[in-house]
Amino acid sequence: PGVDDLHRPLPPMLVATGLAAGATTSAAAVLPLLVIFDDSLQNRWQLVTGGAHTDLNAPRDTGRLRGGRRVPCGRSISSNFNRTGQTVVFRTDAAVMLADSLPLSLSFAFNPAAWPSRPNKCGGASAVTRGSCSALFCVSVRRTGLADGDTAFVPLCSSGHRRAEARGHAKLDGDARREGWLQMDARLEAFGLAAPGDRDLGEVVFVRGEAQPAAAVPNLELDELWLSARRMPRAGEAPPSYGQGDINVVQRNWLQGVARSGALSKQGAERNSHFCEYMSSEMGHSHATAERPRCRMDGDHLVGRWMQTCDPRLISRPDHFAYGRALPPVTGWYDYRICYRQSATERLRTLQAISWSWRPYSCALAPVRGADFDAWLGGRTILFLGDSLMAQAFYALLFLLGDAVVQTKDLYGYEVANTTTRGEIAMDTCHSNVGNEGGWLSEARLRGGGRLVKILRHQDLFSELRGVDQAWWLPQLREADIVVFNIGHHYHKEDPAFYKYRELADVALAQLGARMKPTAHLVFRTTNIGHHACQNATRPLRSREDAWKELTGSNRIYEWRPPQRTKRGAGLGVDMFRDKYNWRGPPLFETAWQDAARATPRLAGRFAVLNVSFLDMRSDGHVATSMRYSSSRGEGGPQKATFPLDCLHYCYPGPADFWALALYNLLRNNERYARS
């Protein structure tokens, strides 16, 4: 078939609807599904050069935010070709399986500004060629190992200019136009991927064609390379996925948008300034005569509801939409927590999850503003002390603060006494070790000199709190001006019946209060429950009670009975099958910290509980089955394939960001945390 039939522009999927930051704005309306490159190369793909010199970290990218602003940390691919036939090949470590029913395209941006002539518009007379490229540059999608002679090459052509990602209606961005970025959406049928036996792919190939002058050294710039759908996926369809066994189908409500009438829909962007604003609590208050008071986080924020404040179909880049920046390349054991990069279905789940915001009825949550937080913090230090969920809150805050963070460091060797191997790994704001949780000790430095320090502890934390003088993190505790800590779900391994929980609270607060600065503040963040079968959740639950009912067979959902003993001595919980991880345990006993603080005179006026129980309703947005797509292996690697389910941790971006938002509002909306 010729290009004229395969690149025909498609009608927009949404009409008269505001576009979010990170919105789908290409000329042929497509929905990105499977990431190959979006400012970094996805972990399942590797670069194989065929003679061309390629840089995966080129600074001139196509991304734009609202108002045409450049995307911080945005990167592109830049390749120089010395002769005809040289290639740049992107190869996946597992074949991508394609469902027959979902029409797909290979979508990417390219920049022909330095080419000897402009590319044709898609839909012209240029034809697909097999075995060679007769144009300036060509692209192909094929099975791994398919010979060049059997490969169908499609000339690079323009489906239209890249547009600014704007709210309201999209405008052609002046910078992007002057720089020459164009969009191409090539239907997979053009590459011969039509027969059922050909519906798997392993390579994307770019090649220098015969039309280039022999002495030229042309440059090819690429960005936002992905497989896209030419219509919205339907319930029951299987989007492209790595490996036959990894295909899972679209849930009915994954891409269900907001209502067709009212402030949230057709005139939402023009009449409501909070339309498609991430984590906005003010969607329903655009016409208020005065701003609502800020939440003091003393319980005023707990009565409210989750509301969908953006249509998920409008979001093309979850990181741009949520953080106003490009997330860095993420490797490590927990790389899969950047869920939207892992597979098409994980991307759809993420789009749905990040379209919801918590709206307290009596007050407003202030959005995270990096510059404001930097000025407020000054030269002070905030210490995060706790398990992996506390580490998620730490990294969520770093992502939300954006370029207010100038450097992060992972420090090693400090958790071992008298070590001679201490050191650090320093990273700028465009890099992160979130895929490994940063190790035991991490530090972020802000522009104004303030620091955010993370101490990662699991079951060892309980004994360390009973003897803080022997804890390796005592120096960091003494330096902190604000300490945010949590005990979390590891506690039930030490004390399944929670008999000693109040005693731990008494001892820990006495020890912390005696060793912190006399002016330092202590914040205990409550623990959220997990949600079984979270991979099937498509939206928040209606109430916290609905979440807790799933974890017990009793009508008294907030009643605790200690685990029972069997005749063989094995411990069984009262709801062994519904709450086999004792997820209800920590939240039911955490009032002990408030009681212990009242009995600790040193902490008078310096202790607070940050209650985040409104997140118990977020059965959606969990990591869920995202780990099955992870490329990282090593110790415990097979577990990702044999038990690929995590219903406790959340994806980035996702509900974990509300832990950071809640802390931000506690600190910024209460005078006692201001600098003296």
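Note that this is a predicted model, so its numbers are computed, not measured. Both backbone and side-chain heavy atoms feed into the values below; hydrogens, waters and symmetry mates do not.
Between the side chain of Asp387 and the backbone N or O of His458 there is no donor-acceptor pair closer than 3.5 Å. The closest donor-acceptor contact from the side chain of Gln352 to the backbone of Leu348 lies at 3.5 Å or more, if one exists at all. Formation of a donor-acceptor pair under 3.5 Å by the Arg347 side chain with backbone atoms of Pro32 is found in this model. A donor-acceptor contact shorter than 3.5 Å links the side chain of Asp579 to the backbone of Arg584. For Asn43 (side chain) and Val330 (main-chain N/O), a donor-acceptor pair under 3.5 Å exists by modelled atom type. For His489 (side chain) and Asn528 (main-chain N/O), a donor-acceptor pair under 3.5 Å exists by modelled atom type. When atom types are taken as modelled, the side chain of Asp223 and the backbone of Thr62 share a donor-acceptor pair closer than 3.5 angstrom. Under a 3.5 Å cut-off, the side chain of Arg349 and the backbone N or O of Val623 do form a donor-acceptor pair. A distance-only check finds a donor-acceptor pair linking the side chain of Trp306 to the backbone of Phe614 [under 3.5 Å]. Side-chain atoms of Tyr652 do not come within 3.5 Å of backbone N or O of Val434 as any donor-acceptor pair.
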| query | So Leu452 and Leu401, side chain to side chain contact (heavy atoms under 4.5 Å, CB included) or not? Walk me through it. | reply | CA-CA 11 Å; Leu452 307 179; Leu401 290 176; 3.9 Å; yes
| task | Verify side chain to side chain contact (heavy atoms under 4.5 Å, CB included) between Cys339 and Tyr629, making sure each step is shown before the conclusion. | result | CA-CA 9 Å; Cys339 304; Tyr629 305 105; over 6 Å; no
| task | Mind running side chain to side chain contact (heavy atoms under 4.5 Å, CB included) on Leu31 and Met232 for me, showing each step along the way? | result | CA-CA 7 Å; Leu31 177 71; Met232 305 311 297; 3.8 Å; yes
| request: Check step by step if side-chain hydrogen bond (donor to acceptor under 3.5 Å, both in side chains) holds for Thr527 and Asn486. | output: CA-CA 7 Å; Thr527 304; Asn486 174 264; 3.0 Å; yes
| request: Might you work through the side chain to side chain contact (heavy atoms under 4.5 Å, CB included) test for Val88 and Val204, ending with a clear yes or no? | output: CA-CA 8 Å; Val88 173; Val204 176; over 6 Å; no
| field | Working for side-chain hydrogen bond (donor to acceptor under 3.5 Å, both in side chains), residues Tyr340 and Asp319 | value | CA-CA 9 Å; Tyr340 73 90; Asp319 50 349; 3.2 Å; yes
| query | What do the steps show when you test Glu203 against Ser140 for side-chain hydrogen bond (donor to acceptor under 3.5 Å, both in side chains), and what is the final call? | reply | CA-CA 8 Å; Glu203 293 181 345; Ser140 182; over 6 Å; no
| message | Go through it in stages, so that I can follow the logic: the residues are Trp548 and Asp616, the test is side-chain hydrogen bond (donor to acceptor under 3.5 Å, both in side chains), and I'd like the CA-CA distance, side-chain angles, deciding distance and then a yes or no. | response | CA-CA 8 Å; Trp548 279 64; Asp616 285 352; 3.0 Å; yes
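The side-chain heavy atoms of Glu550 and Ser619, taken from C-beta on, include no pair separated by under 4.5 Å. Looking only at side-chain heavy atoms (C-beta outward), Val139 and Met184 come within less than 4.5 Å of each other. Within the 4.5 Å cutoff, side-chain heavy atoms of His649 are placed close to those of Gln392. Taking 4.5 Å as the limit, every side-chain heavy atom of Gln342 sits out of range of all side-chain heavy atoms of Val35. Using a 4.5 Å cut-off on side-chain heavy atoms (C-beta onward), Tyr395 and Ser442 make contact. Between Asp61 and Glu224, every side-chain heavy-atom pair lies at or beyond the 4.5 Å cut-off. At least one side-chain heavy atom of Val250 sits less than 4.5 Å from a side-chain heavy atom of Pro239. For the pair Leu389 and Trp659, the minimum side-chain heavy-atom distance is below 4.5 Å.
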Please set out all donor-acceptor pairs under 3.5 angstrom arising from side-chain atoms of residues 45-55, sequence neighbours excluded.
{"residue": "Trp45", "atom": "NE1", "partner": "Tyr242", "partner atom": "OH", "Å": "2.8"}
{"residue": "Thr54", "atom": "OG1", "partner": "Ser79", "partner atom": "OG", "Å": "2.8"}
{"residue": "Asp55", "atom": "OD1", "partner": "Asn57", "partner atom": "N", "Å": "2.8"}

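Nearest heavy-atom pair, Ala396 versus Asp657, reported as atom, atom and distance to 0.1 Å: CB-OD1, 3.3 Å. The minimum heavy-atom distance between Tyr412 and Glu424, with the atom names listed, is CE2-N, 3.5 Å. Heavy atoms only, all atoms of each residue included: Thr429 and Gly402 are closest at OG1-O, 3.8 Å. Residues Ser355 and Cys310 share a closest heavy-atom pair of CB-O, 3.2 Å. Shown here for Leu222 and Ser76, the closest heavy-atom pair between the two residues is O-CB, 3.3 Å. The two residues Leu34 and Ser343 make their nearest non-hydrogen contact at CD1-CA, 3.7 Å.
The aromatic rings of His622 and Tyr650 sit parallel, their planes meeting at an angle under 30°, below the 60° perpendicular limit. Below 30°, between 30° and 60°, or above 60°: for Trp333 and Tyr336 the angle between ring planes is above 60°, a perpendicular geometry.
To the nearest 0.5 Å, atom CG of residue Leu104 and atom CD of residue Glu189 are 8.0 Å apart. Atom CG in Leu351 sits 9.0 Å away from atom CG in Leu33 (nearest 0.5 Å). Note: Arg143 CZ to Asp200 CG = 6.5 Å, rounded to the nearest 0.5 Å. Atom CG of Leu56 is separated from atom CG of Leu41 by 6.0 Å, given to the nearest 0.5 angstrom. Expressed to the nearest 0.5 Å, how far CZ of Arg230 lies from CG of Leu102 amounts to 8.5 Å. Distance check, rounded to the nearest 0.5 Å: OG of Ser357 to CZ of Phe658 gives 5.0 Å.
Of the charged side-chain nitrogens involved, at least one lies within less than 4.0 Å of a carboxylate oxygen, so that Asp148 and Arg142 count as a salt-bridged pair. Looking at Arg44 and Asp93, a side-chain N of the basic residue comes within less than 4.0 Å of a carboxylate O on the acidic one, giving a salt bridge.
Applying salt bridge (Lys or Arg N to Asp or Glu O under 4.0 Å) to Glu437 and the options Arg337, Lys454, Arg457 leaves one that passes, Arg337.
Residues Phe206 and Phe108 place their aromatic rings such that the two centres sit under 6.0 Å apart.
Listed by chain and number, the residues in a salt bridge (charged side-chain N to carboxylate O under 4.0 Å, His left out) with Arg525 amount to none (sequence neighbours excluded).
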